[in-house]
S.K.: 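Input: one structure, supplied below.
What you see is a predicted model; the values in this text were computed from it and never measured. Residue numbering restarts at 1 for every chain, and letters A, B, ... go by the order of the sequence lines. Worth knowing before you read on, the calculation uses all heavy atoms, side chains too, and leaves out hydrogens, waters and symmetry mates.
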Amino acid sequence: MEPLHDWNPKPEEAIRIQDELRRQLRLRWDGREVHTIGGVDVGLNDDRARCAIVLLRYPDLVPFEAAVAEVELTFPYIPGLLSFREGPAVLAAWEKLPRKPDLLFFDGQGIAHPRGMGIAAQMGLWLQVPTIGVAKSRLYGIHTTPGPRRGDRTKLLDEREPGRVIGAVLRTRDHVRPVYVSPGHLMDVAHAVKFTLAACAGYRLPEPTRWAHKVAGGAELPPESPRQERLL
DNA sequence: GCGACAG
DNA sequence: ATCTTGTCGC
């Protein structure tokens, strides 16, 4: 892939990089067919980051492939610069994947970010694949509380430009805390919400992300999820 | 200066 | 993210 920038800049430079990358984002869904989706999760251990990417069949959500990679941590956790801490591990796991998914879910924000460049957006640019950010809490944006049922949602608005919708606060289960959904690259808000609901099966977080979290923690894919199954 | 602050 | 068991409520 095309190196877009250095991964160990000073925070001030990282911010400049994000401001520059923003113009490359394509916040539009092109209508492509989706047969496989992937989930990314990064676990942190002392001075190393372990990333897992799990691929699932869509729309039945059966996991069939996974890749794990571990990398040395070189960047601190700074709100707004999460991608610089976890990005290298994601790239390492991505290169180990035998095949790439049609769509990727991230644990974190897409464009619902101070500079419109959350980890789902930034990695979408690196990987050149449609991405969606599903965060467990808010980083940026203003909103009201959505209804209590699965599917209920409110708009996530840009703090500095309240007329601009940057995502959705979405209830993925009845009476459970909503998640913050925002498009990354090659995605729009409506489809990000649609795919997120389609990927949530009984739990607050999307299945791809849940599997990635388990695998990053050492779990194996179930036997009934053959790693070499033909998909088409 | 005082909060807010993905994972 | 991580420290940490059982427990209350939807």
S.K.: Working to the nearest 0.5 Å, report the span between CG of Leu25(A) and CG of Leu125(A).
M.R.: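 If we round to the nearest 0.5 Å, Leu25(A):CG and Leu125(A):CG are 4.5 Å apart.
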S.K.: Report the distance from atom CZ of Arg177(A) to atom C1' of dG9(C), rounded to the nearest whole Å.
M.R.: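 Computing the Arg177(A):CZ to dG9(C):C1' distance gives 16 Å.
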S.K.: Within the structure shown, what part of the strands sits under 4.0 Å from Leu73(A) by heavy-atom distance: base, sugar-phosphate, or nothing?
M.R.: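 No contact.
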S.K.: Got a salt bridge between Glu20(A) and Arg16(A), using NZ or NE/NH1/NH2 to carboxylate O under 4.0 Å?
M.R.: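 Arg16(A) and Glu20(A): salt-bridged.
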S.K.: To the nearest Å, how far apart are Gln109(A) CD and dA4(B) C1'?
M.R.: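 Rounded to the whole Å, the gap is 13 Å.
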S.K.: When you measure from the side-chain N and O atoms of Tyr77(A) to the phosphate of dA6(B), is any distance below 4.0 Å, counting only OP1 and OP2?
M.R.: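 True: Tyr77(A) side-chain N/O within range (under 4.0 Å) of dA6(B) OP1/OP2.
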S.K.: How many whole angstroms separate atom CD of Gln122(A) from atom P of dG7(B)?
M.R.: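 Whole-Å distance recorded here is 16 Å.
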S.K.: Would you compute the distance between atom OG1 of Thr196(A) and atom CD1 of Ile37(A) and round it to the nearest 0.5 angstrom?
M.R.: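 These two atoms lie 9.5 Å from each other.
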S.K.: Rounded to whole Å, please give me the gap between CZ in Arg115(A) and P in dC5(B).
M.R.: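 Atom-to-atom, Arg115(A) to dC5(B), this comes out as 15 Å.
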S.K.: Any side-chain N or O of Ser137(A) below 4.0 angstrom from OP1/OP2 of dG7(B)?
M.R.: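 For dG7(B), OP1 or OP2 has a side-chain N or O of Ser137(A) closer than 4.0 Å.
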S.K.: How many whole angstroms separate atom CG of Leu156(A) from atom C1' of dA6(B)?
M.R.: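 Interatomic distance, CG of Leu156(A) to C1' of dA6(B): 12 Å.
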S.K.: Does Arg138(A) put a side-chain nitrogen or oxygen below 4.0 Å from OP1 or OP2 of dA4(B)?
M.R.: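 For dA4(B), neither OP1 nor OP2 has a side-chain N or O of Arg138(A) closer than 4.0 Å.
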S.K.: Could you give the CZ-to-C1' distance, from Arg210(A) to dG7(B), as a whole number of Å?
M.R.: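 Roughly 18 Å, once rounded to whole Å.
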S.K.: Provide, to the nearest angstrom, the distance between the CZ atom belonging to Phe84(A) and the C1' atom belonging to dG7(B).
M.R.: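 Going from CZ in Phe84(A) over to C1' in dG7(B) covers 15 Å.
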S.K.: Starting from C1' on dC5(B), measure out to CD1 on Ile15(A) and report it in whole angstrom.
M.R.: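 Computing the Ile15(A):CD1 to dC5(B):C1' distance gives 13 Å.
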S.K.: On the 0 to 90° scale, with breaks at 30° and 60°, tag the Phe84(A)-His5(A) ring pair as parallel, tilted or perpendicular.
M.R.: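 Phe84(A) vs His5(A) ring planes: tilted.
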S.K.: Under a 4.0 Å threshold between the charged nitrogen and the carboxylate oxygen, would Asp107(A) count as salt-bridged to Lys136(A)?
M.R.: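 Looking at Asp107(A) together with Lys136(A), the answer is yes, because their closest N to O distance falls below 4.0 Å.
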S.K.: Pairs under 3.5 angstrom, nitrogen or oxygen only, protein versus nucleotides 1-8 of chain C, please.
M.R.:
| from | atom 1 | to | atom 2 | distance (Å) |
| --- | --- | --- | --- | --- |
| dA1(C) | OP2 | Lys136(A) | NZ | 3.4 |

S.K.: May I ask you to decide whether Arg22(A) forms a salt bridge with Asp19(A), counting only side-chain N to carboxylate O separations under 4.0 Å?
M.R.: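 Looking at Asp19(A) together with Arg22(A), the answer is yes, because their closest N to O distance falls below 4.0 Å.
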S.K.: Picking from Leu61(A), Leu56(A), Leu197(A), Val134(A), what satisfies side-chain contact (heavy atoms from CB on, under 4.5 Å) with Pro206(A)?
M.R.: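 For Pro206(A), the side-chain contact (heavy atoms from CB on, under 4.5 Å) test succeeds with only one of Leu61(A), Leu56(A), Leu197(A), Val134(A), which is Val134(A).
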